[in-house]
Amino acid sequence: MRVESMLLDDDGITYVIGETKFRYRVDQRPSIKVGQEVELVDLIRKTKPYLVMSAETEKQMEG
């Protein structure tokens with residue numbers, strides 16, 4: 001899948017890939033770039049995000 005966007009704020013960095021968000025601390029930011037093709041399972045295994053949130057997860061948290 002392709003990395004669609006990267007959002008940086010004071011608390012960390014979020015990469016959006018498909019409908020899934022991968023959250024990292026700024027100091028643990030992986031070396032992936034917007035537009036890069038990635039395999040989701042490899043990304044999770046190699047970069048260890050502290051939060052992975054899908055569109056479905058966000059709906060459950062709101063409701």
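Just so we're clear, the structure is a prediction, and the values are computed from it rather than from any experiment.
Taking OG1 of Thr20 as the start and CD1 of Ile44 as the end, the distance is 8.0 Å to the nearest 0.5 Å. Rounding to the nearest 0.5 angstrom, the gap separating the CD atom in Glu4 from the CD1 atom in Ile17 is 8.5 Å.
Considering Leu7, Val34, Ile32 in turn, Ile32 is the only one that fulfils the side-chain contact (heavy atoms from CB on, under 4.5 Å) rule with Tyr15.
Criterion: ILVMFWY side-chain heavy atoms under 4.5 Å apart, direct or through other members. Under it, Val16 and Tyr24 are not part of a common hydrophobic cluster. The hydrophobic cluster containing Leu8 also contains Val52, counting ILVMFWY residues as joined when their side-chain heavy atoms lie under 4.5 angstrom apart, directly or transitively.
A distance-only check finds no donor-acceptor pair linking the side chain of Gln28 to the backbone of Arg25 [under 3.5 Å]. With hydrogens and angles ignored, the 3.5 Å screen pairs no side-chain donor or acceptor of Arg23 with any backbone N or O of Tyr50. No donor-acceptor pair under 3.5 Å is formed between the side chain of Glu19 and the backbone N or O of Ser54.
At most 12 heavy atoms of other shown residues, nucleotides or ligands fall within 6.0 angstrom of atom CD in Glu39.
Within the 4.5 Å cutoff, side-chain heavy atoms of Ile13 are placed close to those of Met6.
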